[in-house]
Amino acid sequence: MGVARRAGVGAGIVLLAVALASVGAVTAAPSGATLTVGLDQEPPTLDPEASPSAVTFQIIPDVTESLLYQGLDGKILPWLASAYKISADGKSFTFTLRPDAKFTDGTPVNAEAVKWNFDRVVNPNYKAGGSLSALSGYAGSTVVDDHTVRVDFKAPFAPFLSYAAGGTLALVSPKATQAQGNEVNLKPVGSGQYVVSEYVPKDHITLTRNADYNRKAPWSDHQGPANLNTIIWKFIPEAGTRVTTVESGETQMISGLSLPSATLSHIATERTLRIDRNPYPGAPRIWVLNVRMAPTNDLKVRQAINYGINRAAITDSVFKGLGTTACAPLTQQTLKTPALCNAYPYDPKKAAQLLDEDGWKMGPNNVRQKDGKPLTLTINSINYGSGNLPEIELLQGQLLALGIDARIKSQARPPWYEDNYHCATNGPVLFLRSTDPDGLFALFDSANIGGNFNWACYSNPELDKMLQAGRETYDPAKRSAIYRQIEKLLVDQAITVPLVDEYSVWVVRSNVTGTKYNFSGYPILTDVKIGK
Amino acid sequence: MAETLASRAAPAAGAHARTRWQMLAPRMRRHKGLMVGLVIVVFLALIAVFRDVVAPQNPIKIDVTAALQSPEPAHWFGTDQYGRDVFSRVVHGASISLTVGVIAVAIATTVGTMVGLVAGYYGRAVDALIMRIIDFMLAFPGILLALGIVSVLGPSLQNLMIAVGIAGVPFYARLVRSTVLVAKEQLYIEAARVIGVPIPVILVRHLLPNIVAPIIIAATLGMGITILQAAGLSFVGLGSQPPTPEWGRMITEGRDYLRDAWWISTFPGVAIMITVFGVNLLGDGLRDVLDPRLRI
Amino acid sequence: MIRYISARLLATVPVVFGVTIAVFSMLYLIPGDPVKMMLSEFQTSPEQIARMRAQLHLNDPFFVQYGRFVWNGLHGNLGTSIRDNRPVTQEIFEVFPQTVQLAVAALVLASALGLALGILAALRQNSWLDIGSMMVATLGISMPSFWLALILILIFSLHFELLPAAGGGDLPHLIMPAVALGLGAAAIIARLTRSSMLDILRTEFVTTARAKGLRGRTVVLRHALHNALIPTITIFGLQFATLLTGTVFIETVFGRPGLGRLVVEAILNKDFPLVQGSVLIFALAYVVVNLVVDIVYAVVDPRIRYQ
């Protein structure tokens, strides 16, 4: 009760401050308020070009800006670039930059800065993150004039527009970045409506309003600086604790990642809270099956697993309210493939029959065996510090019911990656928040075995050709047709077990309005207002 | 000559033990705490042995249609987020926690006793060297030592027992050494040495009986700490792996559900508490009866 | 006294030496190539691995590397964390004060509670108060601190909404972690205070004092308490050290920044420079606390001499 009361008083003071501010400064947007957001984990780095992690991109859209913007509807809009042109051969992109954009260190966002950023990403001495694949086949940038830059690729690269609108290719100030060294991981300098004013590791990040911002952001309802003075991102790994903080008012908004389903339905009944849900693009939560290692090198076993896993049970229990049943290696939001949704209906009898035919007969302890060898496999499970992801133990239990002894190799991110690079387990459960179907290139092109992210270790020249064709095709209808074909092949070969098409879920106090989300489902908080 | 002396000493020691036991038994029975502790420990051991009878439901069977049910006749302790029966998991967890406790303590006492015997008996350089090693092991607080070992070996139930076991070694080694230092001054040890009884025989036949009581007390009390440490390491994800129904792990798994399903984390915690409580009462009681001056 | 203190200080040297050797060797004991592990999140070419090896001087002989580790450590350089790419010492000292704060708060609480309970129980030996409080104390020792923490959150954050469930900083954030961490220590202190009080109360000079007609309360306060406290001081020190490491669990539960949480996360992330650094600082803190306790003990009770 004490906390709630104190928060009430705090809000009262804030309101008073807002009232005073609006009396004092007529022209300035109301300021003074603070939004505290509870996040599930600390980002590995805030440098957008270095980050391999989605967490970074949940924070960064308020700080750094990209050339283009892709809203929830998927439309690509101008942002730092006021216009763009694609060359006839599809290999060159020419961007016209706004003349009025400035980084928060005062330097201009010009052609030179764009070139510097993109060259930085491909520099072998730089530990680039997701940005590297967003610049696949990068041949270089040319400064045409101060406000015009041309980006060249070795081959046509249709997904680039979407990537140029994503967080991975957000721009940082060349001057500040060169001067600050490793500090860029904590306080990158962008051109956005907030600056990182404080970074307390393991605890929180404070963003302070950039009062000089005088443009109208593509999603925004107003020109000029953001509404709130301060945004605090607080790291609260435990889902249950996160919920407590938003209920008590300690935070006004929290990430819904791994929220227990029971808690979500309980939140839905609380009038002081609301849930923002948006489907994630890219690859859903999929279990990637390593086709190089027994027993998942056997198509019959992979198909049996696909028939034998009850996906509906997953979305009805631990993922209830957090997503819908997945059908294919791309979410239905990214590419509708209703035909594939019925490819492997839940049918444990069929699964058992396939395994029997394949020679895996039921043995002692309810584990199948062939030639005296038990049917065991290992799931590579990433552990962010509060245990396995909730679907993992469900998978284990369901596999056990099929007579498959599944071991869970629970490990933190670095060793988890290591095993994936070496095809050392029967595969991880992963998701890929790609804004373009081209995400499948990273996941299944044979060049990405041993790298990011062909962790099925699947090599198929025919598929490689199709993936390259998808990249080079600009016509939307033709593109979709190519990716449908690719998905059909992947499903027929049972390379993955698609599990959940996830939502980006945020729990927000009802008095907080103006939360917006970009195409990736990440929040943008510049228009937020806090009411009574 | 040596043979006859040694063989004559042994039955004497046995007879001594019997009379000692006859003397102690009534005192043990009169000690309320000891009896309560004994009852709890025996009760838990029985549950651990007959777990399939006590809790016939499969502790790792997943049934999402029965997820998150509150305690009710069909599920005395409710079900967890995967629909597993919490009562069944707690009951099966008893065998795991007790096994971990016994094996880790066995590792710690065995190694600790050997090291302590050698250090205490040989003295001088050997003692100095061993004690330096023990000192620096003691410079690491137990849990940190276990953490370090797990980080090197990797998290698993087996490595957990090894880690917690090794972390306990210096404690027993020091205890045994100091007891040996006193005992070896006694006349019959001196005599045995003079007539040339082999050192291993002296250590095992003559010195060991002297330190049995302190070791039993220390091991019993140490068992409680060991169970807590093991549960703690599992709790932070450095111990048992799923779907093992280990108590520390179960508390972690229920953490996110604390608000809507308090029973998932609460019951395993109560189980740990009762177990350690029983073991501690037993240990305290044994100390009071066997060696009241022992400060542990 | 000076001789005792210098001898005690001298005895610390080999311990610190052993600790640094052990911590340094961890890197050699882990299975797998530490360099690959360090680079694993990023695609690694053989050249990158070779460069990293050279950068870390991993091709030098063991003792050269160890010497460098100690030398750099003495200059406040414990390497760079793999995951955050920041100096290990910086990461540690950012959070270390919070850990000390928590441990001190828990110790204050444990001492107050433990002493009060222990003295009361001793004065009323074999009363219901005595038996009851010692039962509670034994239960307190038997309770996993992290579980108690969850129960406290369940009651005070989720049910009554009185205290914040997570984070660090101000006093309200400190209460529950300190209670969860300190209760076990309070139980131990209570049991020890009781038994040493009983020992003293049985000794001759208290009986003499009583015989001289001093009233019960005066005897207790003037004589018994003073003498009974001496053995308890050791326990304070020992408990403080234990509380420091107990933060491993408590900080994780409450999401408090601190050394305990840092070390667990570093282990889970296989961030070996950070594991080494934080384990080293933990162990050194433990050594220092024990050293201080021994010296204080010697000052308080001059009968103690270094054997």
Side-chain angles (χ1 to χ4, degrees), chain B residues 32-33 36-37 132-155 221 224-225 227-229 231-233 235-238 247-248 251-252 254-255 258-260 262 265-266 268-281 283-284 295, chain C residues 11-12 14-19 21-23 25-26 29-31 131 134-135 138-139 141-148 150-151 153-154 157-159 165 184 191-192 195 231 241-242 244-246 248-249 252-253 260-261 263-268 270 272 275-276 279 282-284 286-287 290:
Chain B
K32 281 196 198 103
V36 173
R132 282 293 84 78
I133 296 174
I134 296 294
D135 270 352
F136 103 75
M137 279 179 84
L138 283 169
F140 292 96
I143 196 71
L144 197 64
L145 200 58
L147 272 176
I149 296 168
V150 167
S151 78
V152 168
L153 296 178
L221 288 169
I225 297 166
I227 291 174
L228 283 178
Q229 281 184 350
L233 289 177
F235 175 77
V236 294
L238 294 170
W247 290 338
I251 295 177
T252 304
R255 210 154 128 201
L258 202 56
R259 127 190 325 277
D260 299 290
W262 54 268
S265 288
T266 305
V270 172
I272 295 178
M273 192 164 76
I274 293 174
T275 308
V276 178
F277 182 65
V279 169
N280 279 343
L281 280 181
D284 283 348
R295 290 230 177 227
Chain C
T12 310
V15 171
V16 170
F17 176 73
V19 167
I21 282 266
V23 168
S25 312
M26 282 174 79
L29 294 172
I30 49 161
I131 294 167
M134 283 309 111
M135 271 292 174
T138 310
L139 261 182
I141 296 173
S142 313
M143 216 185 296
S145 60
F146 53 89
W147 176 77
L148 174 63
L150 287 180
I151 298 300
I153 291 177
L154 183 61
S157 296
L158 297 180
H159 193 264
R191 283 164 52 119
L192 196 91
S195 68
T242 313
L244 266 182
T245 48
V248 164
F249 306 125
T252 307
V253 178
R261 196 168 143 215
V263 73
V264 170
E265 282 177 2
I267 290 175
L268 287 170
K270 302 216 168 167
F272 282 101
V275 174
Q276 287 180 311
V279 168
F282 248 135
L284 290 183
Y286 194 75
V287 169
N290 280 324

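The analysis underlying the following values was restricted to heavy atoms, covering all of them including side chains, and did not include hydrogens, waters or symmetry mates. Proteins get letters first, then strands, A, B, ... in listed order; numbering begins at 1 in each. Computed from a prediction, not measured in an experiment: that's the story for all the values here.
The closest donor-acceptor contact from the side chain of B:Trp247 to the backbone of B:Gly269 lies at 3.5 Å or more, if one exists at all.
Taking B:Asn280, B:Leu145, B:Val279 one by one and counting their heavy-atom pairs under 4.5 Å with chain C, the maximum is reached by B:Asn280. Between chain B and the residues C:Leu244, C:Leu154, C:Ile21, C:Ile153, the most heavy-atom pairs under 4.5 angstrom are made by C:Leu154. Residue with the most contacts toward chain C among B:Leu228, B:Ile272, B:Ile133: B:Leu228 (heavy-atom pairs, distance under 4.5 Å). For the set C:Ala266, C:Ser142, C:Ala22, the count of heavy-atom pairs under 4.5 angstrom toward chain B peaks at C:Ser142. Highest contact tally toward chain B, considering only C:Val248, C:Val15, C:Leu139, C:Val287, is held by C:Leu139 [criterion: heavy-atom pairs under 4.5 Å]. The greatest number of non-hydrogen atom pairs below 4.5 Å with chain C, out of B:Val270, B:Asp135, B:Ile149, is found for B:Val270. Most heavy-atom pairs under 4.5 Å with chain B: of the set C:Leu150, C:Thr12, C:Val23, this distinction falls to C:Leu150. Put simply, of C:Val253, C:Thr138, C:Ile151, the one with the most heavy-atom pairs under 4.5 Å next to chain B is C:Thr138.
Of the atoms belonging to C:Leu158, it is side-chain heavy atoms, and not backbone ones, that fall under 4.5 Å from chain B. Only the side chain of C:Val275 comes within contact range of chain B, judged by heavy atoms closer than 4.5 Å. Using a 4.5 Å cut-off between heavy atoms, C:Val279 touches chain B through backbone and side chain atoms alike. In this structure, chain C has a heavy atom under 4.5 Å from the backbone of B:Leu138, while its side chain stays farther away. When heavy atoms are compared at a cutoff of 4.5 Å, B:Leu144 approaches chain C solely by way of its side chain, counted from C-beta outward. Contacts of B:Val150 with chain C are absent, with no heavy-atom separation under 4.5 Å from either backbone or side chain.
Here the CZ atom belonging to C:Phe17 is positioned 13.0 Å from the CZ atom belonging to B:Arg132, to the nearest 0.5 angstrom. Distance CG/B:Leu233 to CD1/C:Ile267: 8.5 Å, rounded to 0.5 Å. One finds the CG atom of B:Leu221 at 10.0 Å from the CG atom of B:Leu281 (value rounded to the nearest 0.5 Å). Between the CZ atom in B:Phe235 and the OG atom in B:Ser265 there is a gap of 7.5 Å [rounded to 0.5 Å]. With rounding to the nearest 0.5 angstrom, the CZ atom of C:Phe249 is 3.5 Å from the CD1 atom of B:Ile143.
Here the closest non-hydrogen pair linking B:Gly237 and B:Pro155 is O-CB, 4.0 Å. Across every non-hydrogen atom of C:Gly184 and C:Ile141, the tightest pair is O-CG1, 4.2 Å. Minimum heavy-atom separation, B:Thr266 to C:Trp147: O-NE1, 3.3 Å.
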